[in-house]
Student: 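One structure, pasted below without further comment.
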Amino acid sequence: MPGLRVRAGTCVEDLQDITELVNTGRAHPFRSEQFEGQVAIYIKGFRNSLGQPSYSEYFQRPDRKGITWSVQVKGEFLQPRSANEILLGNTFDRALNLPWGSSLALQFAKFVDPALEHDLTSDTKPWALSPLVVTVPHFKHARVDRVPGGLGEFPPLMSISDDTSQLGMASMPEDSARGTQTRNDDRAVFPFRTPGERKKYFSKETNRKDLVFGPDDIITIDFCYGFLEFYPDIILRLPAGITFDLMKYWDKQPIRFVCGTRRRPSPGRKEEGDEPIADMFWCVEVVSADDDEAVSEKDGDSEEVD
């Protein structure tokens, strides 16, 4: 397995290399007109472009047993956005070479996340996206004026855990007469006891539409799972001992995690070939270091000839 590089930013066209930050507990900041925040990346067994390994105590924590990767983000949406609009998942640049039996993986994904939508068999731009409030296993919300001591350290020394105690103070949808409204009290409108209760509640579209995040809401997530391994090879592990060696099918295109809004096709027009994301808030890419260096050298040669 070759070394990897990790990039992050607010759009695919302007990503910065953050490989040196992986597994260090240090965050990378980013900002756009849509979103301002920080991202921290953990990958179990990670090796950089020089083959140098890096380790993190994150994977030794009892509450992260079995986790193989983590994308942690903390920030604010700078413009009001419905929780139904804010999606998280994966997008790809070209058609995927899916292994035989991949339908089992999709069934498992739908079981874990009933709100998941996807078109992974697209011949142009495959994608798999789900509402952020449903798909992340660890979600924390706080109002800016209710956070003691400012925004706090990120990533935190302790694992991110669900906290929706202030979610009832988030804004409500637009009202034709008054615009986006703030709830009149701070009662716990969403008294979820577990992440499972949160996921189940927000699996309903009507419930997601009743919640709006804006610049007064601090969102912190740990998007982490253990079914995808990056080292020593890229392997997908499903329940009942079902495994897929993805190295046989990976054509070195970026493994991309994106947060944004879904692009919907115009009436009477097919969406095939369109970018699946309309407005992107942030993006993280994991790429092969060997492939990345080859592309860079080719680009450099082209510039010299010109």
Side-chain angles (χ1 to χ4, degrees), residues 8 25-31 34-42 56-59 61-65 67 69-89 112-113 115 130-172 182-183 186-203 207-208 210-226 257-260 281-282 284:
R26 293 154 53 200
H28 172 72
F30 42 48
R31 178 186 173 92
Q34 303 281 348
F35 185 85
E36 180 178 13
Q38 306 173 71
V39 61
I41 308 297
Y42 298 88
S56 173
E57 55 79 31
Y58 172 88
F59 298 106
R61 300 175 188 176
D63 58 0
R64 293 299 187 266
K65 183 178 180 180
I67 295 300
W69 58 268
S70 165
V71 177
Q72 301 181 23
V73 176
K74 180 176 185 177
E76 304 92 34
F77 295 94
L78 302 182
Q79 300 176 19
R81 290 286 187 174
S82 161
N84 190 54
E85 295 180 87
I86 304 168
L87 305 181
L88 178 62
V112 174
D113 182 359
S130 179
L132 181 146
V133 292
V134 179
T135 196
V136 294
H138 308 288
F139 173 90
K140 181 177 181 180
H141 165 273
R143 294 289 283 183
V144 171
D145 58 357
R146 297 295 184 100
V147 179
L151 297 180
E153 183 180 9
F154 183 80
L157 295 178
M158 304 296 290
S159 299
I160 297 167
S161 59
D162 257 52
D163 185 351
T164 57
S165 59
Q166 299 179 34
L167 199 57
M169 291 181 280
S171 298
M172 293 187 294
T182 301
R183 302 179 193 274
D186 60 358
R187 290 177 297 177
V189 181
F190 308 107
F192 305 122
R193 293 170 297 180
T194 65
E197 290 186 358
R198 163 179 56 83
K199 288 169 170 275
K200 182 178 180 180
Y201 180 85
F202 286 118
S203 290
N207 292 337
R208 297 194 299 271
D210 190 45
L211 185 65
V212 175
F213 296 126
D216 293 327
D217 301 287
I218 302 174
I219 307 299
T220 307
I221 65 168
D222 187 355
F223 187 38
C224 61
Y225 285 102
F257 302 89
V258 301
C259 179
F281 303 124
W282 53 263
V284 172

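One-based numbering along the sequence shown. In what follows, every heavy atom counts, from backbone to side chain, and hydrogens, waters and symmetry copies are set aside.
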Student: Let me see the working for R198 and V136 under side chain to side chain contact (heavy atoms under 4.5 Å, CB included), right down to the final yes or no.
Tutor: CA-CA 10 Å; R198 163 179 56 83; V136 294; 3.9 Å; yes

Student: Taking the inter-plane angle between the rings of F35 and F281 on a 0 to 90° scale, is it parallel (under 30°), tilted (30 to 60°) or perpendicular (over 60°)?
Tutor: tilted

Student: Determine whether S70 and F223 make a side-chain contact, defined as any pair of heavy atoms from C-beta on separated by less than 4.5 Å.
Tutor: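 Counting from C-beta outward, S70 and F223 never come under 4.5 Å.
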
Student: Please tell me if the side chains of R81 and Q34 come closer than 4.5 Å, counting only heavy atoms from C-beta onward.
Tutor: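 Yes, side chains in contact.
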
Student: In Å, rounded to the nearest 0.5 Å, how long is the span from NZ of K65 to CZ of F59?
Tutor: 15.5 Å

Student: Please report the closest heavy-atom contact between C259 and I86, naming both atoms and the distance.
Tutor: SG-CG2, 3.8 Å

Student: Nearest 0.5 angstrom please: N84 CG to D210 CG, how far?
Tutor: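 Between N84 CG and D210 CG, I get 11.0 Å after rounding to 0.5 Å.
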
Student: Is any side-chain heavy atom of I41 closer than 4.5 Å to a side-chain heavy atom of V71?
Tutor: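 A side-chain contact exists here, since the closest heavy-atom pair is under 4.5 Å.
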
Student: Does a side-chain heavy-atom distance below 4.5 Å link I221 with L88?
Tutor: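 The answer is yes, as the side chains (C-beta and beyond) meet within the 4.5 Å cut-off.
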
Student: Check whether any side-chain heavy atom of I67 lies under 4.5 Å from a side-chain heavy atom of Y58, and answer yes or no.
Tutor: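 Of all side-chain heavy-atom pairs linking Y58 with I67, at least one is under 4.5 Å.
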
Student: Kindly assign one of parallel, tilted or perpendicular to the pair F192 and F202, based on the angle between their ring planes and the thresholds 30° and 60°.
Tutor: perpendicular

Student: Would you give the length of the straight line joining atom NZ of K200 to atom CG of N207, rounded to the nearest 0.5 angstrom?
Tutor: 11.5 Å

Student: Answer with yes or no after comparing the ring centroid distance for W282 and F257 against a 6.0 Å cut-off, counting only values under it.
Tutor: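 Here the rings of F257 and W282 have centres that are no less than 6.0 Å from each other.
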
Student: Less than 4.0 angstrom from a charged side-chain N to a carboxylate O is my criterion; do R143 and D217 meet it?
Tutor: yes

Student: Considering non-hydrogen atoms only, spot the tightest contact between P155 and A40 and give its length.
Tutor: CG-CB, 3.8 Å

Student: Measuring from M169:CE to D145:CG, what's the distance to the nearest 0.5 Å?
Tutor: 7.5 Å

Student: With a 4.5 Å limit on heavy-atom distance, are the side chains of M158 and D63 in contact?
Tutor: no

Student: Mind listing the closest non-hydrogen atom pair of F30 and Q38 along with its distance?
Tutor: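 Scanning both residues, the minimum pair turns out to be CE1-N, 4.1 Å.
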
Student: Please name the pair of heavy atoms, one in Y225 and one in P137, separated by the smallest distance, quoted to 0.1 Å.
Tutor: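 Nearest pair, atom of Y225 first, then P137: OH-CD, 3.7 Å.
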
Student: Please report the C-alpha distance between R31 and L78 in whole Å, then the side-chain angles of each, then the deciding distance to 0.1 Å, and finally whether the side chain to side chain contact (heavy atoms under 4.5 Å, CB included) criterion is met.
Tutor: CA-CA 10 Å; R31 178 186 173 92; L78 302 182; 3.9 Å; yes

Student: Within the 4.5 Å heavy-atom criterion, are T220 and F154 side-chain neighbours or not?
Tutor: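 Side-chain contact under 4.5 Å: yes.
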
Student: Any chance you could lay out the side chain to side chain contact (heavy atoms under 4.5 Å, CB included) test for I160 and F139, step after step, and finish with the verdict?
Tutor: CA-CA 8 Å; I160 297 167; F139 173 90; over 6 Å; no

Student: Distance-only, no hydrogens or angles: does the R208 side chain make a donor-acceptor pair with backbone N or O of S82 under 3.5 Å?
Tutor: no

Student: Using the side chain to side chain contact (heavy atoms under 4.5 Å, CB included) rule, take D113 and V134 through it: C-alpha gap first, then chi angles, then the decisive distance, then the call.
Tutor: CA-CA 7 Å; D113 182 359; V134 179; 3.3 Å; yes

Student: Is the shortest heavy-atom distance from the side chain of S130 to the side chain of L87 under 4.5 Å?
Tutor: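 No. Closest side-chain heavy atoms not under 4.5 Å.
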
Student: Run through H138, K140, R64 and flag the one making a side chain to side chain donor-acceptor pair (under 3.5 Å) with D222.
Tutor: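 With D222 as partner, side chain to side chain donor-acceptor pair (under 3.5 Å) holds for just one option, R64.
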
